[in-house]
Asks: 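For reference, the structure I am asking about is given below.
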Amino acid sequence: MWIETTIAMRFLRQGRGQSLLILFGIAVGVSVIVFVTALISGLQSNIIERTLGTQAHIRVEAPDEVNRIAPAPPGTLQLVLEDRRAQVLRTIVNWPQVGDVLDRLPGITAVSPVASGPAFGRRGEAVESVALVGVDLSRYLRVIPLDRNMVEGRLDLGAGNAVIGRQLARDLGLRTGGKLRIDAGKGREAIVNIAGIFELGVRELDARYVYLDLKQAQSLLALPGGITVIDVTVADLFGADRSAARIRGLTGLKAESWMETNAQLMNALSSQSMSTRMISVFVAMSVALGIASVLAVSVTQRTREIGILRAMGTRRGQMLRVFLVQGAVLGLVGSLIGALAGLGLVGAFNTFGPKLFYIPLPPALIPAAMALATVAGVVAAAVPASRAARLDPVEAIRHA
């Protein structure tokens, strides 16, 4: 094999100008693959992190209430005009047992009971519609990192304290240490102390959420000892839909994964991934065409030399391998230069870019991009190599 490699390197040195141009083209292509793939990957990770920073991977709720229609007597044609039943605030039956079952399921990392419902927040004459969220704080923080989103005060839900969103605080003119009257209807009222203010980054949530201790929320919502939602976190983020289906089968409850709740987001992420793959494929095709064109010209320019080598005893298989080695060397060296350039682009973006998000570099990205370019080089060299191997020595030597 060293003979073929020696001849291949000699041919590359003789066509130095062409080789440098194709190396530059391969390097640009590979750097584009590395940077764009890392950029899209970082963007997707950032979007998912921001989305799941405000919601659980799976929400488990009581099943919807449905109408029960009495069967018609035998022989009677029954025509039914049915309106969907109004859904009132309802609790999960035997939720402690359900929570124990979920805690033991493989793949589930955190389970948090939540009592939530609507109410009004009042300060003086100002009134805002709010959503009360009663939580067991130690469990809830394993699902939603609320402590990372505090912008004022402290995260304290005990002894009549509450934390509210920044937009709600602005609308009601509240700050830490202020008082908020909560009216949940039917005479259920409470005055809570604002211990802290959070900002989740979602205007709707920042303008409505009021976090309370679980027991106080149960009292205000007339849910003694009851909860309305069980928030669940899973180890496999993109396997949340399978875990939700398993929970539905085991408990008979309504379980909805973040992938179902954010169907449009999932479509956008899938489209981004598809566009990244298409970019990689087309760049690889351009690399392959560039290598093929260079080697085709090389075969034409070195027809006489190929004929001499064949007349000296070089076999067809050896001549075939000479040009395959050229393609592999061009692909490997060009991809190495491109990988280093891609690393530089990623580093420049993270250092001098807008810093909206950080681009991580997947460990397998560089080897995969280099392997793709090298394989493309070998495949592209197949046609010129086959042509060189089929040359007749006598005709090739006569070639001017």
Asks: Going by heavy atoms in the side chains, are Thr109 and Arg142 under 4.5 Å from each other?
Replies: no

Asks: Any chance you could lay out the side-chain contact (heavy atoms from CB on, under 4.5 Å) test for Ile92 and Ile230, step after step, and finish with the verdict?
Replies: CA-CA 9 Å; Ile92 297 175; Ile230 298 178; 3.8 Å; yes

Asks: Can you confirm whether Arg246 sits close enough to Leu105 that some side-chain heavy atom of one is under 4.5 Å from a side-chain heavy atom of the other?
Replies: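 Touching, per the 4.5 Å side-chain cut-off.
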
Asks: Quick one: pull up CZ in Arg175 and CZ in Arg166 and give me the separation to the nearest 0.5 Å.
Replies: 14.5 Å

Asks: Measuring from Glu128:CD to Ile164:CD1, what's the distance to the nearest 0.5 Å?
Replies: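 If I round to the nearest 0.5 Å, the distance is 10.5 Å.
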
Asks: Go through the steps for Ile191 and Leu180 under the test side-chain contact (heavy atoms from CB on, under 4.5 Å), then give the verdict.
Replies: CA-CA 6 Å; Ile191 298 177; Leu180 172 66; over 6 Å; no

Asks: Can a salt bridge be assigned to the pair Arg59 and Glu61 using a cut-off of 4.0 Å between side-chain N and carboxylate O?
Replies: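 Looking at Arg59 and Glu61, the cut-off is met.
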
Asks: According to a 4.5 Å side-chain heavy-atom criterion applied to Ile, Leu, Val, Met, Phe, Trp and Tyr, with indirect links allowed, do Leu141 and Leu205 form part of one hydrophobic cluster?
Replies: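 In one cluster: yes.
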
Asks: Looking only at non-hydrogen atoms, find the nearest pair between Ala244 and Ile58 and report the distance.
Replies: N-CD1, 3.7 Å

Asks: Atom CD1 of Ile227 and atom CH2 of Trp95: how far apart are they, to the nearest 0.5 Å?
Replies: 5.0 Å

Asks: Checking Asn161 side chain against Gly158 main chain: does a donor-acceptor pair fall under 3.5 Å?
Replies: yes

Asks: Measuring from Thr176:OG1 to Asp156:CG, what's the distance to the nearest 0.5 Å?
Replies: 12.5 Å

Asks: Show your working on side-chain contact (heavy atoms from CB on, under 4.5 Å) between Leu253 and Val93 and close with a plain yes or no.
Replies: CA-CA 10 Å; Leu253 298 172; Val93 179; over 6 Å; no

Asks: Would you call Asp64-Arg90 a salt bridge at under 4.0 Å N-O?
Replies: yes

Asks: Can Leu214 be reached from Val143 by stepping across I, L, V, M, F, W or Y side chains whose heavy atoms are under 4.5 Å apart?
Replies: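 Different hydrophobic clusters.
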
Asks: Strictly below 4.0 Å, N to O, side chains only: are Arg188 and Asp183 in salt-bridge contact?
Replies: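 Salt bridge: no.
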
Asks: Is the shortest side-chain N to carboxylate O distance from Arg139 to Asp103 below 4.0 Å?
Replies: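 Asp103 and Arg139: salt-bridged.
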
Asks: Can Arg181 and Glu189 be counted as an ion pair, charged N to O under 4.0 angstrom?
Replies: yes

Asks: Taking ring pair (Phe, Tyr, Trp, His ring centres under 6.0 Å) as the test, write out the residues that go with Phe282, two or more places apart.
Replies: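 If we apply the ring pair (Phe, Tyr, Trp, His ring centres under 6.0 Å) test to Phe282, skipping adjacent residues, there are no hits.
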
Asks: For the OG1 atom of Thr251 and the CD atom of Gln97, what is their distance to the nearest 0.5 Å?
Replies: 13.0 Å

Asks: Only one of Asp171, Thr54, Leu200, Asn149 forms a side-chain contact (heavy atoms from CB on, under 4.5 Å) with Asp206, so which one is it?
Replies: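 Among Asp171, Thr54, Leu200, Asn149, the one that satisfies the side-chain contact (heavy atoms from CB on, under 4.5 Å) with Asp206 is Leu200.
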
Asks: Do Val98 and Ile247 share a hydrophobic cluster, counting only Ile, Leu, Val, Met, Phe, Trp and Tyr and linking them when any side-chain heavy atoms are less than 4.5 Å apart?
Replies: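 Val98 clusters together with Ile247.
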
Asks: I need the Leu102 CG to Ser243 OG distance, nearest 0.5 Å.
Replies: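 Answer rounded to 0.5 Å: 10.5 Å.
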
Asks: Among side-chain atoms of Ser257 and Glu260, is any donor-acceptor pair under 3.5 angstrom?
Replies: yes

Asks: Would a hydrophobic clustering, with Ile, Leu, Val, Met, Phe, Trp and Tyr connected at side-chain separations under 4.5 Å, put Val135 with Leu146?
Replies: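 Yes; tracing contacts between hydrophobic side chains, which count when under 4.5 Å, links both residues.
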
Asks: Does a side-chain heavy-atom distance below 4.5 Å link Val163 with Arg154?
Replies: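 Counting from C-beta outward, Val163 and Arg154 never come under 4.5 Å.
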
Asks: Find out whether His57 and Val232 are in side-chain contact, i.e. whether some heavy atom of one side chain is under 4.5 Å from a heavy atom of the other.
Replies: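 Counting from C-beta outward, His57 and Val232 never come under 4.5 Å.
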
Asks: Cut-off 3.5 Å, no hydrogens considered: what does the side-chain donor-acceptor table look like for residues 25-41, sequence neighbours left out?
Replies:
| unit_1 | atom_1 | unit_2 | atom_2 | d |
| --- | --- | --- | --- | --- |
| Ser31 | OG | Ala27 | O | 3.1 |
| Ser31 | OG | Val28 | O | 2.7 |
| Thr37 | OG1 | Ile33 | O | 2.6 |

Asks: Please assess Leu223 against Thr228 for the test side-chain contact (heavy atoms from CB on, under 4.5 Å), listing each intermediate value before the final yes or no.
Replies: CA-CA 9 Å; Leu223 301 171; Thr228 56; 3.6 Å; yes

Asks: Tyr211: which residues meet the ring pair (Phe, Tyr, Trp, His ring centres under 6.0 Å) condition with it, sequence neighbours left out?
Replies: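 Partners of Tyr211 by the ring pair (Phe, Tyr, Trp, His ring centres under 6.0 Å) criterion, ordered by chain and then number, come out as Tyr140, Phe198, Tyr209.
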
Asks: For a 4.5 angstrom cut-off between non-hydrogen side-chain atoms, does Trp258 reach Phe238?
Replies: yes

Asks: Specify the closest pair of heavy atoms between Gln216 and Ala190, including all atoms of both residues, with the distance to one decimal.
Replies: NE2-CB, 4.0 Å

Asks: For residues Val130 and Pro118, determine if any side-chain heavy atom of one lies less than 4.5 Å from a side-chain heavy atom of the other.
Replies: no

Asks: Which residue pairs pass the side-chain hydrogen bond (donor to acceptor under 3.5 Å, both in side chains) test with at least one member in residues 342-352, sequence neighbours excluded?
Replies: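 Pairs touching residues 342-352 that pass the test: none.
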
Asks: Who passes salt bridge (charged side-chain N to carboxylate O under 4.0 Å, His left out) against Lys215, sequence neighbours left out?
Replies: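 If we apply the salt bridge (charged side-chain N to carboxylate O under 4.0 Å, His left out) test to Lys215, skipping adjacent residues, there are no hits.
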
Asks: May I ask you to list the residues sharing a hydrophobic cluster with Val127, side-chain cutoff 4.5 Å, ordered by chain and number?
Replies: Phe120

Asks: Of the non-hydrogen atoms in Ile197 and Ile194, which two are nearest, and what is the gap between them?
Replies: CG1-CG2, 4.3 Å

Asks: Do the side chains of Pro73 and Thr76 get nearer than 4.5 Å, heavy atoms only?
Replies: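 Yes, side chains in contact.
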
Asks: Linking I/L/V/M/F/W/Y whenever their side-chain heavy atoms sit closer than 4.5 Å, directly or via other members, would Val114 and Leu132 fall into one cluster?
Replies: no

Asks: How close do Ile366 and Leu343 get, counting heavy atoms only, and between which atoms?
Replies: CD1-CG, 4.2 Å

Asks: Should Val60 and Val229 count as side-chain neighbours, where that means a heavy-atom distance under 4.5 Å?
Replies: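 Val60 does not reach Val229 side chain to side chain.
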
Asks: Testing the basics here: between Arg208 and Glu204, what is the closest heavy-atom pair and its distance to 0.1 Å?
Replies: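 Heavy-atom minimum between the residues: CD-OE2, 3.0 Å.
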
Asks: Which heavy atom in Val192 sits nearest to a heavy atom in Ala162, and how many Å separate them?
Replies: CG2-CB, 3.8 Å

Asks: With no hydrogens and no angle check, do the side chains of Asp136 and Ser138 hold a donor and an acceptor under 3.5 Å apart?
Replies: yes

